[in-house]
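Read through the structure below, which is laid out as C-alpha cells, and then see the notes.
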There are 2 protein chains.
Amino acid sequence: MVGLKDVAERAGVSAKTVSNVVNGYRHVTPATRRRVQQAIDELGYRPNLTARHLRAGRTGIIALALPELGNPYFAELAEEVIAYAAGRDYTVLLDHTHGRRDQEVLFIRGVRAGLIDGLILSPIELENEDLAARGSDAPLVLLGEREYEAPYDHIAIDNVAAARAATRHLLELGRRRIAFLGARHGRTRQPAHLRLRGWREEVSAAGAAAGEDLVATTDGYTRADGARAMARLLDSGAAPDAVFCYNDLVAIGAMRTLGERGLRVPEDVAVVGFDDIEDGRYCAATLTTIAPHKQAIAREAVDALLARLRPGPAATPESSVSPVSPEPPRHIRPGFALIPRESTLGRP
Amino acid sequence: MVGLKDVAERAGVSAKTVSNVVNGYRHVTPATRRRVQQAIDELGYRPNLTARHLRAGRTGIIALALPELGNPYFAELAEEVIAYAAGRDYTVLLDHTHGRRDQEVLFIRGVRAGLIDGLILSPIELENEDLAARGSDAPLVLLGEREYEAPYDHIAIDNVAAARAATRHLLELGRRRIAFLGARHGRTRQPAHLRLRGWREEVSAAGAAAGEDLVATTDGYTRADGARAMARLLDSGAAPDAVFCYNDLVAIGAMRTLGERGLRVPEDVAVVGFDDIEDGRYCAATLTTIAPHKQAIAREAVDALLARLRPGPAATPESSVSPVSPEPPRHIRPGFALIPRESTLGRP
DNA sequence: CTGAAAGCGCTTACAG
DNA sequence: CTGAAAGCGCTTACAG
C-alpha cells in the first residue's frame with residue numbers, strides 16, 4: 001500500500017502539499033505540483049477513501065435498501081437512484097431486505113453505521129413500532145406504498161388515485177367484473193392496502209362487482225404468484241372480464257395462465273398492471289399499466305435524504321446539541337401515468 | 001455521534017474493554033460485560049465501520065462492476081453474488097459501467113481504492129491494453145464472454161460450446177436456415193465473438209446455411225435491439241426458419257416482432273435465447289434458452305476473489321515484498337444447460 | 001506557498 | 001481480566 005507519506009517523501013515535500021495537489025487546491029507552485037504529480041504517477045498512488053471518510057466524518061455513501069433486484073421495478077428504480085446520486089457525488093450501496101421485517105429493522109437500526117451517511121428504504125413488512133424503536137439517528141427516507149406515522153420523509157405516488165385510474169380505465173372499456181390480483185394475507189397490515197382500496201372505491205362508485213370473490217391474494221409479487229392466483233381465480237368460478245394486478249410481474253404471470261387456459265387478452269379478459277417495467281412492453285399483448293415516474297421518485301428520494309445530511313464534520317462541538325434538519329417530515333408525491341396498451345385495447 | 005470513549009466513560013471502563021465486549025471477546029467478567037452492554041444500549045452506540053476498516057486495513061467490501069441492472073441477467077447474477085458474498089461475510093458494492101470502456105477502465109484503475117478489498121468486473125468493451133496499463137494491485141476477477149491475455153482469474157461458461165448446443169438443438173428439430181441475432185459491430189473486437197463462432201461452427205458442420213445474410217448485428221443487447229434486428233432480418237428477405245439470439249432480451253424482442261408480423265413461434269420461426277432470465281419462462285411461447293449456472297458463476301467469482309485477498313493487515317513489514325497470490329491465474333468454467341421450451345418445441 | 005502536529009474512531013500488541 | 005498508548009491514512013486549522 002503506497003500512502004501519502006511515500007509520495008511526499010519521493011517528491012521531497014510534506015504530506016500537506018501532496019494532499020493539496022491531490023485535492024486540486026489552487027495555491028501550489030506549478031513546479032511543486034509537477035514534482036508531486038510525477039511521484040504519484042511513479043508510485044501509482046491512490047488516495048485511501050476509508051481514511052478520507054474517517055477524517056471527513058462522512059463517506060458520501062448512501063444505502064438503498066430494496067426487497068430484491070429480481071423484480072425489474074426495483075432494478076430499474078435502483079438504476080435511477082444510483083445515476084442521480086452519482087450526479088450529486090454520492091455512491092449508492094445497495095442492500096436487500098427480501099421484504100423481510102427483520103432485515104428491514106436491521107437497516108433502520110443502523111448496521112452500516114459510519115459507513116453510510118443516510119438510508120433510503122422501501123419497506124414491505126416494517127411496522128410503525130419498528131420505526132418508533134429505531135435507535136439510530138442517521139437520516140432515513142421511506143419509499144413506496146406503505147405509510148407510517150413516524151416522522152420521516154416519504155416518497156410515493158398516490159397509490160389510491162393510481163389504482164382508481166387503472167380501474168376506471170377498465171370500467172370505461174365496459175368491463176364489469178374486474179378482479180384484483182395481489183392482495184396480501186399474513187400477519188401484518190396489508191402491504192397492498194392502498195391499491196386494493198383504490199380498486200374497491202372505484203368499482204363501488206361505478207356500481208360494478210366488488211365482492212371478495214373477485215379479490216385474489218398472493219404470497220408475494222412475482223410472476224409465479226400471479227400465474228397461480230389467476231388459476232385459482234378462474235377455478236373458483238369468479239369469471240372476471242378484467243383483472244387489475246398489484247404489479248406488472250403479477251400481471252405477466254396472470255396473462256401466461258390466461259393463455260394456457262385458452263382465454264384471449266383482452267377479448268376475454270383485459271389486464272392492467274402497475275410499475276411499467278420494460279418486460280410489459282414486449283409481451284404478446286403489450287401490458288397496459290400504471291407508470292410511476294421512476295426518475296422523479298429517485299430524484300426526490302435522493303434530494304430529500306441529502307437535504308437532511310450534515311454538510312460535513314460537525315462545525316463546532318456546540319452544534320451537536322441540535323444539529324440540523326429541523327424541517328418537518330415531508331410527504332412527497334411524484335406523478336404517475338396510465339399507459340394503455342394491447343392488454344386492454346387489443347391490437348390496433 | 002456517540003463513540004467508544006463515551007461508552008467507556010459511562011461504564012467506567014477503558015476503551016479496550018468496550019471493544020472487547022462489542023467484538024465478543026471471551027475474557028470479560030460478566031459484571032463488566034453487563035455494565036458495558038447497558039451503557040451501549042443507553043447511548044445507542046453503534047461501532048463506526050469506517051474507523052474499523054481503516055484500522056483493519058481491509059473493509060470487507062468487494063465491488064461488482066456490471067454493465068447495468070436493466071438487463072435481468074445481470075440483476076439476477078448480482079443477487080447471487082451479493083447473497084453468496086454475504087455468506088462469506090463480505091458486502092458487495094455494485095457499480096455500473098454501462099458497457100462503456102472508459103467506465104470499465106476507471107474501475108480497474110482503482111477508483112474506490114481503500115474502500116474495497118477487491119473487484120469483480122464483467123467487461124464489454126475493455127481491451128487487453130487497458131488491463132496491461134492497469135496501475136492498481138487490488139485483486140481483480142473477470143466475468144463473462146470476453147477473454148483477455150492479462151493474468152487475471154476469469155469466470156465464464158464455455159460460450160462456444162453453449163452456442164453450439166443451442167444451434168444443434170435447432171438443427172435437430174430440422175431447421176436449416178438458422179439466423180444469429182446480436183453480433184456487434186463497432187470499434188472494438190466483437191463482444192459476441194464466441195457465441196457467433198459457436199453458431200458458425202455448428203451450422204457449417206451440419207452443412208446448413210451459414211451465410212452472412214443470416215447474421216444480424218445490434219447496437220446493444222436489449223429487447224428493442226432484438227425487435228429491430230429481427231425486423232431488419234425479415235425485411236432483408238433472409239427468410240430464417242430459426243433464430244439463435246445473443247441473449248434472452250434480444251430473443252424476447254425478436255419474438256415480439258415475429259408476433260407483429262403474424263409469424264408463429266415456433267411453427268414458422270423457432271427461437272433460442274441465452275441467459276435463462278425469469279421473463280423467458282412467462283412469454284406467450286416460453287423461451288428455449290441456454291442457462292448458465294448463475295449460482296456457480298457467483299460462487300466461483302467470489303471464491304476466486306477472496307482467495308487473492310490479504311487475510312488482514314500486512315502481517316509484517318517485510319511481507320509486503322511479495323505479499324500473496326503467487327497462484328497463477330485460473331480460467332474457471334461453470335456449467336450450463338440447454339433448457340428446451342415452447343419457443344422451439346411448441347406447446348405440448 | 002508550505003510544514004509540523006493533532007485527531008477522525010477504532011483495535012491491538014504490550015504491560016500489569 | 002483490564003488499561004494506556006500507538007497507529008491505520010488521511011485533512012485541516014495553525015504557524016511561518
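The figures that follow rest on heavy atoms only: side chains count, while hydrogens, waters and symmetry mates do not. It should be emphasised that the depicted structure is a prediction, and the values quoted were computed from it without experimental measurement. Chain letters run A, B, ... following the sequence lines, proteins first, then strands; residues in each count from 1.
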Kindly say if [X] contacts the phosphate of [N], meaning a side-chain N or O under 4.0 Å from OP1 or OP2.
X     : N     : value
B/N20 : D/dT2 : no
B/T32 : D/dT2 : yes
B/T50 : C/dG9 : no

Donor-acceptor list for residues 40-47 of chain B side chains, cut-off 3.5 Å, not counting sequence neighbours:
from, atom 1, to, atom 2, distance (Å)
B/D41, OD1, B/Q37, NE2, 3.2
B/E42, OE1, B/R10, NE, 2.5
B/E42, OE1, B/R10, NH2, 2.9
B/E42, OE2, B/Q38, NE2, 3.0
B/R46, NE, A/R109, O, 2.7
B/R46, NH2, A/R109, O, 3.2
B/R46, NH2, A/G135, O, 3.1

_Heavy-atom closest pair, residues A/I297 and A/I155_ =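 Result for this residue pair: O-CG2, 4.0 Å.
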*Looking only at heavy atoms, which two atoms of B/I116 and B/A63 are closest? And how far apart?*
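The pair with the smallest heavy-atom distance is CD1-CB, 3.7 Å.
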To the nearest angstrom, how far is [X] atom [atom1] from [N] atom [atom2]?
X      : N      : atom1 : atom2 : result
B/L49  : C/dC8  : CG    : C1'   : 15 Å
A/R52  : C/dG9  : CZ    : C1'   : 19 Å
A/L4   : D/dT11 : CG    : P     : 7 Å
A/N48  : C/dC8  : CG    : C1'   : 13 Å
B/L115 : D/dG9  : CG    : P     : 15 Å
A/Y25  : D/dA13 : OH    : P     : 11 Å
B/N23  : C/dA13 : CG    : P     : 13 Å
B/D6   : C/dC10 : CG    : P     : 9 Å

*Got a salt bridge between A/R101 and A/E129, using NZ or NE/NH1/NH2 to carboxylate O under 4.0 Å?*
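Salt bridge flag = yes for A/E129 with A/R101.
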*Are A/E147 and A/R333 ion-paired here, with the side-chain N under 4.0 Å from a carboxylate O?*
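Salt bridge present between A/E147 and A/R333.
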_Only Watson-Crick and G-U wobble pairs with both distances less than 3.5 Å should count. Give DNA chain D in dot-bracket notation, marking inter-strand partners with |._
|||.||||||||.|||
*Return yes if some donor-acceptor pair links the side-chain N/O of B/T50 with the main-chain N/O of A/T50 below 3.5 Å, else return no.*
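Side chain of B/T50 to backbone of A/T50: no pair is present.
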Protein-nucleic acid N or O pairs under 3.5 Å, nucleotides 3-6 of chain D:
from, atom 1, to, atom 2, distance (Å)
D/dG3, OP2, B/S14, N, 2.7
D/dG3, OP2, B/S14, OG, 2.9
D/dG3, OP2, B/T17, OG1, 2.7

*Please determine if B/K294 forms a cation-pi arrangement with B/Y73, meaning its NZ or CZ atom is less than 6.0 Å from the six-membered ring centre and no more than 45° off the ring axis.*
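The answer is no; the distance or angle limit is not met.
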*Give the C-alpha distance, both sets of side-chain angles, the deciding distance and a yes or no for side chain to side chain contact (heavy atoms under 4.5 Å, CB included) between A/Y90 and A/V302.*
CA-CA 9 Å; A/Y90 273 80; A/V302 172; 5.9 Å; no
*I would like to know whether A/D95 and A/R112 meet side chain to side chain contact (heavy atoms under 4.5 Å, CB included); could you show each step before the answer?*
CA-CA 10 Å; A/D95 277 310; A/R112 309 261 186 249; 2.7 Å; yes
